[in-house]
Structure formats: C-alpha cells, structure tokens
Amino acid sequence: MSKYLGRCKTGRYLTVLSFFLALFFVSTTSAAAEKGRLYVVGMGPSGPDLTAPRALSVIESADIFLCSPGMPKKFALFKKYIDPAKVAFNPWKEVRSDALRKLKETDPKAWEAGIEKGRKKVQDFIRDKINAGKTVVIMDGGDPCVYGPTLYYLLKGFDPDLFEVVPGMGAFNAASAALKQSLTPDGERFILLTAPRSLFGENWEKDDDILKDLSKYKTTMVWYMALRSLDKVVQRFEKYYPKDLPIAIVYYAGYPDKEKVLRSNLGNILEDVKKMDEWWLGLFITGQCAK
Ligand SMILES: C[S@@+](CC[C@H](N)C(=O)[O-])C[C@H]1O[C@@H](n2cnc3c(N)ncnc32)[C@H](O)[C@@H]1O
C-alpha cells in the first residue's frame, strides 16, 4: 500500500513538473516568435507589375518601412501597396546627405565617422523594432545585391540572422528586354555588370588596364551609374575600342510610359546623348546586343 502511495506521489510530481516544463517551453518559444524581422526587399526596376509576388506580400505585412521619399510616390502612381503612414524615415539621409558628400572631399576621416554614426542610428532603430516584434522593410530599387545601397552601406556589420533579402528584378533584366536582345549573342564570352567607381575608382584614380584587357574579348558590358560621368567613360573606351562599338542606353527600363532606348556607337554617343535629359536612370550597354 505504501509502495503504491509512493508511486502515486512520484506520478503527481512528474505531472506537475511536466506541466511547468511545458509552460516554460511555450513561453520561451512564443517570446522568440514575437521577435520581428527585417526584410531587404528588391522592388524591381519600376512599379509593382515588375515586383515579385514574394516582395509584394512582405510589403503588405510590413509594420514599418524605411525608404526614400521616391519609393511610395513611385508605387502610388500604380495606386498600390505602400502606406505612407508606415514610412518611418529615409535611411539614406543618414549616410548620404549633402553635408556628408562635401566632407568626403574635404575631410575623408570625418566623412567616414559621419557614415558610421548614421549607420549606427539606422541599425539601432531597426534592432529596437525587431525586439518589439515589428516587421521592418527596407526597399531597394531593382535587386538589392546589384549595386543596392542597403547591403553595401546601411547594413554593414548587421547580424545576418536578423534579416532576409527578397530578390528583385534588376534594371539589367528590364533593359535587355527593352533591347529585345540576348545579352549573350553569338561569340560574346560573358556579361559584365559594372560601374565607373568599380572599374576606375571613386575618384578615377585606378588605371584602365582592365579595359584594355577586356577589349581583347567579345563582351557585353552593362554600366550602372554611368550617365553622370559619361564623357570620362567614353574617353577611356576610345583608347581601346573602335568607333563603331555598338552602344545603347536604356532609360527608365520597365516603366510603361517612360522607357526609351537610345542606340548609337562609340563615335557618336556623346553627341546623341545630348538629346536625352536624364543623367541617372539609365544603363549604358556596350557590345553586339546594343546594335
Ligand atoms: C544604385 S544603382 C541600383 C541598381 C539596382 N539595385 C538594380 O538592381 O537595378 C542605380 C543605377 O541603376 C540603374 N537603374 C536602376 N533602375 C533603372 C531603370 N529602371 N532603368 C535604367 N537604369 C536603371 C541606373 O544606372 C542607376 O544609376
């Protein structure tokens, strides 16, 4: 009998213990589940018709947006998705203000310190919101991994476990569709995505041997952020390429009403480009696909 009672007591203890263990487990897992998340979302080259469904569903469930003022406006044109009331602030102002830009030339150390301070402000804000269980979304044009400023500037050093990247259609996809060409026509060895600052340096301090080497091969080159320094880019090409090298500039790729393709060649591009009045939103493309 006493043996039986002993077993009952043990059984009761075990039941109580497992109850508390279950309670502990539920409370810790739900605390973890309550944590928020950051999404770096590739918005595609233009409006939501070229934004991936996965990106749109993340946007719909977001609590907070960090983006440039242009992004909600761009999507408002399509009467969709980004609730302006959820936009916290423009994170780029923290790392790319005019004041910081000036410092870059006059006092590079102070410029770096300024960027670091801005980055910390943005990252602290995001971390606080994640801890409060919020879904934060940073929106990048095109694809975040191709010359996207978020991964490059804002999230340097940020814990990768706290965020996900949602891929987007890049400008070069929309631009090649506008050209109605494969970027790898016969004989072309590769497609190279680049920008003046990548190939020639922030202050054009790098030599152009690499371009000389590339000129030995049939290559499609897609240049980002090249329009504002087109004359310098063309000067460098002229050293190694013939005047009939096909060049196209695709402006506003993917925008139903604004997309334009300018087809030209190395000899004429600087003259032809004067007809266009856009120095940012265009891709400079060289190679046979630009014909
Ligand atoms: C900071 S980069 C961003 C690139 C973006 N992450 C992507 O994947 O397309 C900005 C440059 O991308 C190019 N660009 C972006 N969107 C474009 C579009 N819709 N049409 C043409 N060029 C575009 C321009 O060269 C612009 O100067």
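Here, residue 1 is the first one in the sequence, and each next residue gets the next number. Just so you know, ligand 1 is whichever comes first in the structure, and atom 1 is the first atom listed for that ligand.
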What protein heavy atom lies closest to atom 8 (O) of ligand 1? Include the residue and the distance to one decimal. D143 N, 2.9 Å

Could you check whether any heavy atom of Y255 sits closer than 4.0 Å to an atom of ligand 1, since that is the contact criterion I want to use? yes

One finds that the ligand 1 atoms under 4.0 Å from a non-hydrogen atom of L281 are 15 (C), 16 (N), 17 (C), 18 (C), 21 (C), 22 (N)

Under 3.5 Å, is there a donor on one side chain and an acceptor on the other for Q235 and K232? no

In the protein, what heavy atom is nearest to atom 12 (O) of ligand 1, and what distance, to one decimal place, separates them? Y224 CD2, 3.3 Å

Give the residue and atom name of whichever protein heavy atom lies nearest to atom 15 (C) of ligand 1, and the separation in Å to one decimal. A171 CB, 3.7 Å

Is there a heavy atom of A174 sitting under 4.0 angstrom from any atom of ligand 1? no

S68 and N90 side chains, donor-acceptor separation under 3.5 Å: no

Within 45 degrees of the axis of the six-membered ring of F158 and under 6.0 Å from its centre: does K156 put its NZ or CZ there? no

Would you say N131's side chain and D128's backbone share a donor-acceptor pair under 3.5 angstrom? no

Enumerated ligand 1 atoms positioned under 4.0 Å from heavy atoms of P45: 19 (N)

How does Y252 reach ligand 1, if at all, at less than 4.0 Å between non-hydrogen atoms: by side chain, backbone, both, or neither? backbone

If you have a sec, work out which protein heavy atom is nearest atom 20 (N) of ligand 1 and how many Å separate them, to one decimal? A253 N, 2.8 Å

Non-hydrogen atoms of G282 versus ligand 1: any pair closer than 4.0 Å? yes

Any atom of ligand 1 sitting under 4.0 Å from a heavy atom of D140? no

Starting from atom 27 (O) of ligand 1, which protein heavy atom do you reach first, and at what distance in Å? W280 O, 2.9 Å

Suppose we measure from atom 3 (C) of ligand 1 to each protein heavy atom; which comes out shortest, and what is that distance? Y147 O, 3.4 Å

Whether D213 and K216 form a salt bridge (side-chain N of Lys/Arg under 4.0 Å from carboxylate O of Asp/Glu) is what I want to check. yes

Which residue owns the protein heavy atom closest to atom 4 (C) of ligand 1, what's the atom, and how far is it? V146 O, 3.4 Å

Closest approach of S46 to A253 (non-hydrogen atoms, all atoms of both residues): CB-O, 4.2 Å

Does R119 make a cation-pi contact with Y152, if we ask for NZ or CZ under 6.0 Å from the ring centre and within 45° of the axis? no

For the ring pair Y224 and W280, is the centre-to-centre distance below 6.0 Å? no

Using distance alone, decide if ligand 1 has a nitrogen or oxygen within less than 3.5 Å of any nitrogen or oxygen in G141. yes

Give me the nearest non-hydrogen protein atom to atom 11 (C) of ligand 1 as residue plus atom name, then the distance to 0.1 Å. M225 CG, 3.8 Å

Per-atom filter on ligand 1: closer than 4.0 angstrom to a heavy atom of L283 are 13 (C), 21 (C), 22 (N), 25 (O)

Kindly indicate whether a cation-pi arrangement holds for R236 with F200, taking the cut-offs as under 6.0 Å to the six-membered ring centre and within 45° of the axis. yes

If you count the atoms of ligand 1 from 1 in the order shown, which ones are under 4.0 Å from a heavy atom of G170? 8 (O), 9 (O)

Main-chain N/O of T219 paired with R189 side-chain donor or acceptor, under 3.5 Å: no

Ring-plane angle category for Y255 and Y252, please: parallel below 30°, perpendicular beyond 60°, tilted otherwise. perpendicular

What do we get for V250 next to ligand 1 when only non-hydrogen atoms under 4.0 Å count, side chain, backbone, both or neither? backbone

Does a donor on one side chain and an acceptor on the other come within less than 3.5 Å for N265 and K243? no

